[in-house]
Protein chains: 2
Amino acid sequence: MDLREISRLLYQIKLAEQNVASSFERETGFSLTRYEMLQVVKERDVCSQREIKEEMRIDNAAITRHLKILEEKGYVVRERNAENHREMFVRVTEKAEQDLGHCERDEQANHLVLQALSDEEIHQLSGLLQKLNSHT
Amino acid sequence: MDLREISRLLYQIKLAEQNVASSFERETGFSLTRYEMLQVVKERDVCSQREIKEEMRIDNAAITRHLKILEEKGYVVRERNAENHREMFVRVTEKAEQDLGHCERDEQANHLVLQALSDEEIHQLSGLLQKLNSHT
DNA sequence: TTGTATCGTTTGACAAGTCAACGATTGATA
DNA sequence: TATCAATCGTTGACTTGTCAAACGATACAA
């Protein structure tokens with residue numbers, strides 16, 4: 001297993017990421033990151049940006065900017081935590097719930113990975129990525 | 001298998017890509033993309049940017065910019081194809097061969113994926129990614 | 001009460017990708 | 001042969017990530 005083989009594998013991961021992220025956006029209308037972000041917030045009902053950071057392992061700066069965009073689109077509302085004015089509390093709006101639910105029911109989205117891989121393979125892939133990601 | 005589960009999986013791929021690319025760069029001193037690019041050129045001895053594009057599935061603009069950087073670092077030389085003045089021919093330099101060989105022999109690089117996954121698992125992962133990437 | 005450290009977020013500068021528009025060459029064809 | 005289309009590469013504008021510096025709270029110690 002030499003470096004060249006490793007770089008080939010890693011480059012395949014890069015390509016997969018690009019393909020997959022752009023397909024997701026094309027088919028759902030949501031950028032993958034912002035979709036995840038909305039779901040993370042929604043699951044917590046209300047949450048701080050620090051929580052988003054910990055859950056998504058993404059830089060603070062990126063969070064600030066994504067939330068700005070989501071706010072402009074009317075998908076989230078933000079307000080300072082009254083008990084700790086350093087924190088911003090984020091909450092998804094009714095509109096976000098609707099639009100998320102809408103593309104949830106959209107069959108098209110299923111064409112993504114499901115077309116390429118069987119359920120068994122998806123499960124395998126998920127396990128391997130988990131291993132890979134936890135070793136960081 | 002609903003959309004939320006899919007997005008989780010795709011987001012894992014995104015995280016993996018980020019981890020893996022930055023580890024690679026930290027440990028080899030080469031950005032993953034530029035390392036691949038040098039190898040692709042080296043394997044062909046001389047090649048046009050179109051060939052790089054087809055092999056690496058990367059945008060033309062990105063190639064132009066990476067090659068500019070590689071040229072500045074003295075890793076590649078470029079010259080117009082005398083028979084077709086539209087094409088640029090790229091070639092790696094002696095210095096590139098040396099530096100690539102140097103980090104090839106560097107054990108550190110092996111800590112990357114190899115630490116997280118067994119040979120068998122790497123093989124599995126590679127297969128799954130291949131399937132995923134060919135379905136695009 | 002007054003520093004000082006820490007926290008949570010924001011901002012700016014950079015990297016690396018995309019797409020779209022352009023320029024120079026080349027090839028095809030009317 | 002003159003023109004028109006296709007090819008190859010470059011450039012500019014944009015996206016989305018990073019890191020580092022800055023900033024307004026807050027907490028705590030002297």
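Order of the sequence lines sets the chain letters (A, B, ...), proteins ahead of strands, with each chain counted from 1.
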Quick one: which of [options] gets closest to the side chain of [X]?
| X | options | value |
| --- | --- | --- |
| I58(A) | dT9(C), dT18(C), dT18(D) | dT18(D) |
| S31(A) | dT16(D), dA16(C), dT9(C) | dT16(D) |
| R65(A) | dA16(C), dT11(C), dT10(C) | dT11(C) |
| A62(B) | dG17(C), dT10(C), dC8(D) | dG17(C) |
| T64(A) | dG17(D), dG9(D), dT10(C) | dT10(C) |

Which heavy atom in V92(B) sits nearest to a heavy atom in L38(B), and how many Å separate them?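 Taking V92(B) first and L38(B) second, the nearest heavy atoms are CG1-O, 3.7 Å.
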Which atom names give the shortest non-hydrogen contact between M1(B) and E5(B), and what distance separates them? CA-OE2, 3.8 Å
Look at [X] and [N] and indicate whether a side-chain polar atom (N or O) is within less than 4.0 Å of OP1 or OP2.
| X | N | value |
| --- | --- | --- |
| R57(A) | dG17(D) | no |
| Q49(A) | dC7(C) | no |
| S22(A) | dT18(C) | no |
| K68(B) | dT11(D) | no |
| R34(A) | dT15(D) | no |

Atom NZ of K14(B) and atom C1' of dG17(C) are separated, to the nearest Å, by 11 Å
Is there a donor-acceptor contact under 3.5 Å linking the side chains of R34(B) and H66(B)?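 There is such a pair (donor and acceptor under 3.5 Å, judged by atom type) between the side chains of R34(B) and H66(B).
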Cut-off 3.5 Å, side chains only: do R8(B) and Q39(A) have a donor facing an acceptor? no
Decide yes or no for F30(A) and L70(A): does some side-chain heavy atom of the first lie under 4.5 Å from some side-chain heavy atom of the second? no
Letter per nucleotide, 5' to 3', of nucleotides 20-28 of chain C [B base touched, S only sugar-phosphate touched, - untouched; heavy atoms, 4.0 Å]: -----BB--
Do you reckon L15(B) sits in the same ILVMFWY cluster as L10(A), going by side-chain contacts under 4.5 Å, direct or chained?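 Shared cluster, yes.
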